[in-house]
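In each ligand, atom 1 is the first atom listed, and ligand 1 is the first ligand listed. We count residues from 1, following the sequence as given.
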Amino acid sequence: APVKPLLEVKNLQGWYGESHVLHGINFAVGEGEVITLLGRNGAGKTTTMKAVMGILAKRTGSVTFEGNELIKLPARKIAKAGIAYCPEERGIFSSLSVQENLMLPPKVREGGLSLDTIFELFPNLKERLSSQGTKLSGGEQQMLAIARILRTGAKTLLLDEPTEGLAPVIVQQIGRTIAKLKSQGFTIVLVEQNFRFAASVADRHYIVEQGRVVDTIQNAELDANIDKLHRYLGV
Ligand code: ATP
């Protein structure tokens, strides 16, 4: 675990109505680190992100960011603290152009990326600036979804399965983008089922099973733990 966590989650529990689905999520990420939450379908990874962001209404435990406790704050204030969330469904507005989508998010902090910087990271988006959201490929939509949260100025990003359903060459592009963001000091929590992709970008992996973090594996030790990982992921 990082010496000085930027975002630290301790004994996070969460419910959908009466249904108790998170039973003890623990992880920590330091500034400039990339970590993943790995686990099978239904393990609770997406719910963890929603709970951190305050979108899941009923939650307990502790989520500290830059030393401040967020667990009781509404979603709006958590976003304002500088954490951005890119959901699995991406949330691109199909009737709006790429440019309009990029203009949507409110700035939460200074230092949101300019359009020029966005286009350096995502050259394809520049060519598609006036295209409608619906006309984009899955990969372009994912790039747009990431680009959009970079506009806000948040430097801590929660990305839910950014590679899902994308072709290998696009997955590689997203991997390079994540590496670039990391080198620029962004802190990233990634939900993944593709552990090969996870291994190519992350410093550390947290295994989620039935609403709990049951193990932590350093990326450098992944090869030595590959059998264990296969068992966790059921692959
Ligand atoms: P996936 O990769 O399928 O998204 P996940 O690890 O992200 O898996 P979650 O989506 O967080 O898993 O789901 C955790 C548990 O909560 C599952 O048992 C799921 O059925 C349940 N669940 C998810 N969303 C809801 C909801 N809106 N209402 C009730 N239960 C839900």
Side-chain angles (χ1 to χ4, degrees), residues 7-29 34-63 65 70-71 73-76 78-79 83-92 138-139 141-142 145-146 149 156-168 170-171 174-175 178 187-217 219 222 225-226 228-235:
L7 173 67
E8 187 166 30
V9 171
K10 283 187 182 161
N11 192 26
L12 182 62
Q13 313 235 353
W15 291 257
Y16 290 105
E18 296 291 296
S19 174
H20 190 179
V21 299
L22 299 183
H23 300 273
I25 298 286
N26 298 281
F27 66 83
V29 59
V34 177
I35 62 157
T36 70
L37 306 179
L38 289 175
R40 301 184 194 206
N41 280 329
K45 307 177 299 294
T46 297
T47 307
T48 297
M49 290 200 157
K50 289 183 177 163
V52 169
M53 294 309 295
I55 301 166
L56 187 76
K58 195 170 171 196
R59 58 193 191 278
T60 64
S62 169
V63 175
F65 181 66
L70 306 182
I71 194 75
L73 297 187
R76 170 179 55 85
I78 294 171
I83 309 177
Y85 170 52
C86 191
E88 198 172 355
E89 59 277 12
R90 297 171 188 147
I92 302 302
Q141 287 189 17
Q142 185 60 58
I146 296 174
I149 63 174
T156 298
L157 315 177
L158 310 188
L159 308 180
D160 197 345
E161 294 206 44
T163 66
E164 203 201 1
L166 302 181
I170 311 294
V171 171
I174 291 179
I178 289 174
T187 303
I188 298 174
V189 179
L190 200 62
V191 162
E192 264 305 327
Q193 300 214 34
N194 179 347
F195 76 87
R196 292 197 186 285
F197 175 78
S200 71
V201 294
D203 296 296
R204 196 166 53 257
H205 310 280
Y206 292 86
I207 311 295
V208 183
E209 239 178 35
Q210 297 180 358
R212 290 182 178 80
V213 167
V214 295
D215 208 345
T216 308
I217 304 177
N219 198 50
L222 202 58
N225 286 282
I226 206 76
K228 195 160 81 170
L229 192 66
H230 282 156
R231 245 179 290 128
Y232 283 136
L233 299 178
V235 291

Which of these passes side chain to side chain contact (heavy atoms under 4.5 Å, CB included) with Val63: Ile25, Leu73, Val52?
-> Val52
Contact residues of ligand 1, where a non-hydrogen atom lies under 4.0 Å away = Tyr16, Val21, Arg40, Asn41, Gly42, Ala43, Gly44, Lys45, Thr46, Thr47, Glu88, Glu161, Gln193
Exactly one of Asn41, Thr36, Leu38 clears side chain to side chain contact (heavy atoms under 4.5 Å, CB included) with Gln193, and that residue is Asn41
Taking Asn219 for its side chain and Ala202 for its backbone only, find out whether a donor-acceptor pair lies under 3.5 Å.
-> yes
Gap between atom CG of Leu222 and atom CZ of Arg196 - 0.5 Å precision | 9.5 Å
What orientation do Trp15 and His20 show, parallel under 30°, tilted 30 to 60°, or perpendicular over 60°?
-> parallel
When you measure from the side chain of Arg59 to the backbone N and O of Leu12, does any donor-acceptor pair fall under 3.5 Å?
-> no
